[in-house]
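Everything numeric in this text was worked out from a predicted model, so none of it was measured. Protein chains get the first letters and strands the later ones, always in sequence-line order, with residue 1 at the start of each.
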Protein chains: 2
Amino acid sequence: MAPTARRPSMADVADRAGVSYQTVSRVLNEPEIVRPATRSRVLEAITELGYTRNRAARALKTTRSSLIGMLNDGSALFGPTETTTAIETAARRAGYSVLLTTVGAEDSAGHAVGAELLGSGADGILVVAAHEGMVPAVTAVARSTPVVVVSAVPPRTPGIQVVGVDQGLGAHLVVEHLARTGARSVVHTAGPQDWFDARARREGFEQAIALHGLDGEVVGPGDWTPRTGYDLTNALVRDGLPDAIFAANDMMAMGVLHALHEHRLRIPEDVAVVGFDNTLGAEYQVPSLTTVAQPFAELGRLALERLLCLLEERELPPGTPSTLPPRLVVRRSTRPERTH
Amino acid sequence: MAPTARRPSMADVADRAGVSYQTVSRVLNEPEIVRPATRSRVLEAITELGYTRNRAARALKTTRSSLIGMLNDGSALFGPTETTTAIETAARRAGYSVLLTTVGAEDSAGHAVGAELLGSGADGILVVAAHEGMVPAVTAVARSTPVVVVSAVPPRTPGIQVVGVDQGLGAHLVVEHLARTGARSVVHTAGPQDWFDARARREGFEQAIALHGLDGEVVGPGDWTPRTGYDLTNALVRDGLPDAIFAANDMMAMGVLHALHEHRLRIPEDVAVVGFDNTLGAEYQVPSLTTVAQPFAELGRLALERLLCLLEERELPPGTPSTLPPRLVVRRSTRPERTH
DNA sequence: GTCCCGAATGCTAACGTTCACATGCTCGTG
DNA sequence: CACGAGCATGTGAACGTTAGCATTCGGGAC
């Protein structure tokens, strides 16, 4: 915290190196066109003064902020957080910084947030936890700024690009595994239906149930938290248990397991349980949880790549997927598949 | 994505409202000094054109970016994520945006990140997940930018302010509770010792053990993940179990529980288990986990408040704490305290 | 020795905003 | 009715950078 010693500017560097500030600019932007001797003199002056380019001036002149706005959900969910980290790392590598914005429950309108995003001057927007609450903010912004949404569902607003994990496939994998391990009746404790991923999982579940001719039921919706998994399961215990419960995510599965334990039911013998996400703790549930692993980090990188192509008007490399497949991770909360 | 229709500027708004651009500026910055009639005319023009202030130009002229840099750990941990969200919400309310930077394992040097932060032009820096890896980046930045660290430990760099939860107190509460419920021997499965909070918990544990005359031992360190809690517990089962295990966080406690279950040990009868953090899932462990709740959101708000005071050269309201007390949450993984 | 060409560098203006100051207007007062 | 006080608004300059054009310099060819 120096006593307001103005940060050095290009002019300062130029003075020290005995060149004009334009040359300094060139060293930074197109190093190859300045003579090696001058260049190294300038670079030396830069390090001596600890000079860094003034981001604001640069942004003002170029009309590009090198900022990427990220719209996140306020709840500290596992998947979005992983994705966020991956995005930030990739963005930094590409010379962008990430502006974090959360849409909490309180400002559900989202309009204010949309205005905020617009005013932030971000070159592009990445929506990480896609649910209905984001829609007004996103549509407001999408008119003037490229937007990429991480979601299982194609958007209703044209011009918005989407990258997602195939939630339907995930649900299919789960149901198929349950069918193969002898389940006849399956209950899906659904996630909050204003989340696009939750909706896609439920729809995938319903399709897969029909496909395998099983006895399926959807209960809920829950809210991603263990509590709702717990409550829904208690209701099931009262009203009659299925062979298997497919929870909308690992958190809810946690509540499911807890309720079953309280009623001294055996897992998977009495009821099999499956989650979704493969959170850090899934393997260490009691018993360890069969679940669907999503490539969250890969997803983040892919979303960013897509956005950068939009920003820099590059073509997306051919063969770049917009949908990533999830992977079933079989553990001890479901019966083993027979291998013959 | 309009076809590069330049965003409207103050001059455009001024033309439309029939005033000079300076008046527009005034309406935005000091609305009270402009005549109500003119003001509403300007505001109308603003909404009609969808004008938002150009952040870069503003930053350039005022030499303040309205940006707060946040330094986060790359791992998607529960506490830091909660704190992050609270900070972002509070920052937005105060007219600041949050620039997210993560220090991953790969760029452990942190120097690059420090330079990055400096170049970002943030008015102030908030360090959320404080560990040794952050130190070089932070000390580099602290010379020219106010820094507030969320940490249990006073920093070695002078001029850096600190806000934290009293980890030592948390450990004391745990040990006291264990002592009162009949434990004589306690093992602490420590967290990664390059994290300041983990270190403070361990030291608090050692002090409290001495205070209560218990038989204490520290094993580990772990790495916050369930796996290390699991591995350390397996080793304990081999070498002799204590009456209670105090895990460095809830994640590690999860691994502890899992290992104990595998060995068919009863919790809390054979071994009591305590975690730290009170994550969303703690209540739904089997059995539900006794743990220490930290006021993560409050912590975030407090850290931001402190930083804003530094930035705006306000005095911190008298009585504002720099350390927040944690709270013991007793559940079923420890024996009940006798009440007489 | 002169000319020309290209490479290297310098100068001017502009991005959109705010600050400091200048100016015009309105109103109360002598 | 003229004057000054004070409020409302306008004007010029500057923040640090980059784009475009102008200038300088060195060297090769005639």
Side-chain angles (χ1 to χ4, degrees), chain A residues 4-43 45-46 49-67 95 118-123 144, chain B residues 4-43 45-46 49-67 95 97 118-123 144 312:
Chain A
T4 324
R6 187 175 58 77
R7 289 241 314 256
S9 77
M10 275 196 176
D12 300 322
V13 175
D15 281 354
R16 182 161 195 125
V19 295
S20 81
Y21 51 84
Q22 179 57 253
T23 304
V24 178
S25 173
R26 270 195 273 263
V27 167
L28 261 25
N29 292 325
E30 326 166 80
E32 65 283 357
I33 72 165
V34 27
R35 202 151 45 114
T38 340
R39 193 196 312 161
S40 61
R41 205 143 33 92
V42 169
L43 288 174
I46 286 179
L49 293 173
Y51 167 79
T52 57
R53 266 191 292 203
N54 182 315
R55 172 176 224 135
R58 201 167 143 73
L60 176 58
K61 182 60 188 169
T62 59
T63 67
R64 329 211 61 225
S65 63
S66 301
L67 249 39
L118 264 180
S120 75
D123 295 337
S144 58
Chain B
T4 325
R6 186 176 58 74
R7 290 240 317 257
S9 77
M10 275 194 175
D12 299 322
V13 176
D15 280 356
R16 181 158 195 129
V19 296
S20 80
Y21 52 84
Q22 180 56 253
T23 304
V24 178
S25 173
R26 271 195 273 263
V27 168
L28 262 25
N29 293 325
E30 325 166 81
E32 65 283 358
I33 72 165
V34 31
R35 201 151 46 113
T38 350
R39 194 196 312 162
S40 62
R41 205 145 31 94
V42 169
L43 287 174
I46 285 179
L49 293 174
Y51 167 78
T52 57
R53 265 190 293 201
N54 182 316
R55 173 176 222 136
R58 200 167 144 73
L60 176 59
K61 182 59 189 169
T62 58
T63 68
R64 331 210 57 224
S65 62
S66 300
L67 249 36
S97 295
L118 264 180
S120 74
D123 295 338
S144 57
E312 295 163 5

Protein within reach of the bases, or only the backbone? For nucleotides 17-25 of chain C, mark each nucleotide 5' to 3' as B, S or -, using heavy atoms under 4.0 Å. BBBB-----
Full working for side-chain contact (heavy atoms from CB on, under 4.5 Å) between B:Met10 and B:Tyr51: CA-CA 8 Å; B:Met10 275 194 175; B:Tyr51 167 78; 3.2 Å; yes
Of A:Leu60 and B:Val19, the one whose closest nucleotide on DNA chain D sits nearer the 5' end is B:Val19
Side chains of A:Arg58 and A:Ser65: any donor to acceptor distance under 3.5 Å? no
Run through A:Leu43, A:Val19, A:Val24 and flag the one making a side-chain contact (heavy atoms from CB on, under 4.5 Å) with A:Thr38. A:Val19
Pick base, sugar-phosphate or nothing for B:Ser20, based on heavy-atom distances below 4.0 Å to the nucleic acid. base
Need two values: the first and the last nucleotide of DNA chain D, 5' to 3', having an atom under 4.0 Å from any heavy-atom of chain B. D:dA8 to D:dG16
Between B:Arg53 and B:Asn29, is any pair of side-chain heavy atoms under 4.5 Å apart? yes
Taking B:Arg55 for its side chain and B:Ser66 for its backbone only, find out whether a donor-acceptor pair lies under 3.5 Å. yes
Side chain to side chain, B:Leu67 and B:Asp123, heavy atoms closer than 4.5 Å: no
A:Arg39 side chain near A:Ile33 side chain, heavy-atom distance below 4.5 Å: no
Donor-acceptor pair between B:Arg7 and B:Thr52 side chains, under 3.5 angstrom: yes
Give the intermediate values and the outcome of side-chain contact (heavy atoms from CB on, under 4.5 Å) for residues B:Leu28 and B:Ile46. CA-CA 10 Å; B:Leu28 262 25; B:Ile46 285 179; 3.6 Å; yes
Considering only heavy atoms, which members of residues 35-43 of chain A lie under 4.0 Å from some atom of DNA chain C? A:Arg35, A:Thr38
Short side-chain to backbone donor-acceptor contact, B:Asp15 and B:Asp12, under 3.5 Å: no
